[in-house]
Amino acid sequence: MTAAPLSAALFARLARTRPDAACTTALRAGLHARRLLLLKSLLARLDRQRATAAPAARERFGRHWQLLEHAERRDPALVRDVLDYPMTGAWLAGALASPEGPALDRHLAHFGSIAATAAVRAGCDLRLVLDAPAGLLSLPGLGALRCPAHRAELHARGRSVRITGGGRTGALLLRRTGSRHRPAGVGPGWSRLRVLPGGAAVLDDLDPYRVPPGGIGADAMPAAERTAVAGEPWVRLWRQAFALIGATDPGRAAEIRALQRVVVPLAVTTAAYDGSRPMSATLRAAPGSVLTSLPAGPHELAEVLVHETHHTKLAALHERVPLYRPDGEGLHRVGWRPDPRPVAGVFQGAYAHLALTDLWRRAATGGGAPVAWRRRAGEQFDQHREQVAEALSVLQESDELTIEGRQFTGGMREHHASLGATQPAFG
């Protein structure tokens, strides 16, 4: 599958950071097309390495590939939903980057969990045995079963699924909600993902691919484990953050719900972190997933969601229309970070902070937002508007941008200028 070329009109509208349903649809189509391309690249790699790859691993991968194809024939939309799950992208990146040997074999074993998830969601009847590396069988987007024996047997009939692994048994009943299934599961060792209110996003503190092995950021923050993640604070903050965004800019709330499928809690492991601003990130390999430490309040989470959504948008756009050269070596100062950034970082930061500046202006001037949110928005608008202007100047003067990157920067500058046309009435 190849995504249709992005029209000049959609390209220009994306530069303004404003939510747009047609832009969202185009970006999601592009992300899916790239996911299929990478999956086929992995299959082609295994075919090329037929003589050197472990026969058992190749044979197992082939069986799981056939299962995925069977599920797709039964229900293409549900299989697409599994393939587009953010952690499937992280798994693909790890598998493609892995050298031949045990590490690649472990990645290939996880493909069985992806194919099985697609099959059970598509309603296929099946019985198969899956490897459970590290004693965990993870079904992407559904949950995980602890398997002391490092193997699990999965038996599915209709919407009922039974998983057994080393004396642990989980029983699932998949309930369809819109285009997705939500499991109601019980059993020793089984943990299901917690659904965040008001949409289809989940709090994923189980998937083994949710955070890279080296952690996130300069402090290498790891993923928070299920035992350390209390669901109630995340559910409460999620609901409150969307209330703020919806009162300020309903289109942005809809855009976030359409693009973000997962929140991954990060663990705080350094005493230097004061918690005033959450540490957050978006993985290029896993767009649609927000990695963040627990925010202090709904204002902070609202800003994280807008910020990371625009990292996802720009990453998806750059995959289709390169905005800057990959080999640039220049480093530049930006107002929101202490360390100098390459052009890619300047571009991502400018785009995300331009969207936040737009949000803050609307919150500060709108009558429906709470007073505390309006006051905070006014302060943030003042602080970041000039910082974004400086970053856009860096991009405009850079020789590392493509022609399309210069055009896109021009559109960002136009939108930035419009935000200062009327000074917000803070208070």
Side-chain angles (χ1 to χ4, degrees), residues 1 28-43 60-96 107-126 128 130-132 136-145 152 154 156 158-161 163 170 172-185 191-193 195 199-204 206-210 258-264 283 285-289 312:
M1 173 182 175
R28 291 182 63 177
L31 288 171
H32 180 66
R34 178 165 178 78
R35 189 66 48 85
L36 293 182
L37 177 64
L38 293 177
L39 191 58
K40 291 175 181 177
S41 296
L42 179 59
L43 184 62
R60 179 188 58 203
F61 186 86
R63 283 188 285 107
H64 294 157
W65 186 277
Q66 291 175 356
L67 177 60
L68 184 70
E69 290 180 331
H70 173 65
E72 185 175 34
R73 287 192 294 270
R74 186 179 179 94
D75 197 325
L78 285 179
V79 173
R80 171 175 178 158
D81 196 62
V82 174
L83 294 180
D84 289 353
Y85 191 67
M87 273 69 262
T88 302
W91 162 76
L92 260 173
L96 288 168
H107 287 305
L108 295 181
H110 182 73
F111 179 64
S113 298
I114 296 171
T117 301
V120 299
R121 288 192 54 192
C124 301
D125 292 345
L126 60 102
L128 75 162
L130 296 171
D131 289 337
L136 181 78
L137 179 70
S138 175
L139 300 182
L142 299 179
L145 180 74
L154 186 148
R159 293 186 303 149
S160 298
V161 186
I163 313 169
L172 289 72
L173 176 64
L174 298 182
R175 295 174 176 169
R176 186 156 184 166
T177 303
S179 64
R180 298 196 172 104
H181 284 94
R182 295 304 178 207
S191 300
R192 62 173 175 168
L193 296 184
V195 180
V202 295
L203 188 70
D204 196 334
L206 295 171
D207 196 289
Y209 287 90
R210 64 193 187 276
L259 286 173
Q260 301 293 7
R261 292 187 58 181
V262 178
V263 173
V264 174
L283 300 180
S289 175
T312 284

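Below, all heavy atoms of this structure are taken into account, side chains as well, without hydrogens, waters or symmetry copies.
- With respect to the salt-bridge test (charged N to carboxylate O, under 4.0 angstrom), the residues Arg74 and Asp125 do not qualify.
- Minimum interatomic distance between Pro287 and Leu31 (heavy atoms only, all atoms of both residues): CG-CD2, 3.5 Å.
- Aromatic ring orientation, Phe111 versus Trp91: parallel (interplanar angle below 30°, classes split at 30° and 60°).
- Taking all atoms of both residues into account, the shortest heavy-atom contact from Ala116 to Leu154 is CB-CD1, 4.3 Å.
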*Step by step, would you call Arg35 with Asp84 a side-chain contact (heavy atoms from CB on, under 4.5 Å)?*
CA-CA 7 Å; Arg35 189 66 48 85; Asp84 289 353; 4.2 Å; yes
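- Between the Ser113 side chain and the Pro140 main chain, no donor and acceptor come within less than 3.5 Å of each other.
- With contacts defined as side-chain heavy-atom distances shorter than 4.5 Å, the pair Leu42/Phe61 qualifies.
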Only pairs under 3.5 Å count here: list side-chain donor-acceptor contacts from residues 65-73, not counting sequence neighbours, and write none if there are none.
| unit_1 | atom_1 | unit_2 | atom_2 | d |
| --- | --- | --- | --- | --- |
| Trp65 | NE1 | Glu69 | OE2 | 2.9 |

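- Remark: the backbone N or O of Leu37 is paired with a side-chain donor or acceptor of Ser41 at under 3.5 angstrom.
- Atom CG of residue Leu92 and atom CG of residue Leu36 lie 9.5 Å apart, to the nearest 0.5 angstrom.
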*Take Val202 and Tyr85 through the side-chain contact (heavy atoms from CB on, under 4.5 Å) test and state the conclusion after the steps.*
CA-CA 11 Å; Val202 295; Tyr85 191 67; 3.6 Å; yes
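- Side chain of Arg261 to main chain of Gly288: no donor-acceptor pair is present (N/O by atom type, distance under 3.5 Å, no hydrogens or angles).
- Shown here are the salt bridge (Lys or Arg N to Asp or Glu O under 4.0 Å) partners of Asp131, two or more places apart in sequence or in another chain: Arg60, Arg151.
- Between atom NE2 of residue His110 and atom OG1 of residue Thr88 there is a gap of 6.5 Å, rounded to the nearest 0.5 Å.
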*asked:* The test is side-chain contact (heavy atoms from CB on, under 4.5 Å); show your working for Val161 and Leu142 and say whether it passes.
replied: CA-CA 12 Å; Val161 186; Leu142 299 179; over 6 Å; no
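- Within the 4.5 Å cutoff, side-chain heavy atoms of Leu206 are placed close to those of Leu193.
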*Give the C-alpha distance, both sets of side-chain angles, the deciding distance and a yes or no for side-chain contact (heavy atoms from CB on, under 4.5 Å) between His64 and Leu108.*
CA-CA 10 Å; His64 294 157; Leu108 295 181; over 6 Å; no
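- In this structure Ala286 satisfies the side chain to side chain contact (heavy atoms under 4.5 Å, CB included) test together with Pro86, Met87, Ala90, Leu283, sequence neighbours excluded.
- Leu78 CG to Leu83 CG: the interatomic distance, rounded to the nearest 0.5 Å, is 11.0 Å.
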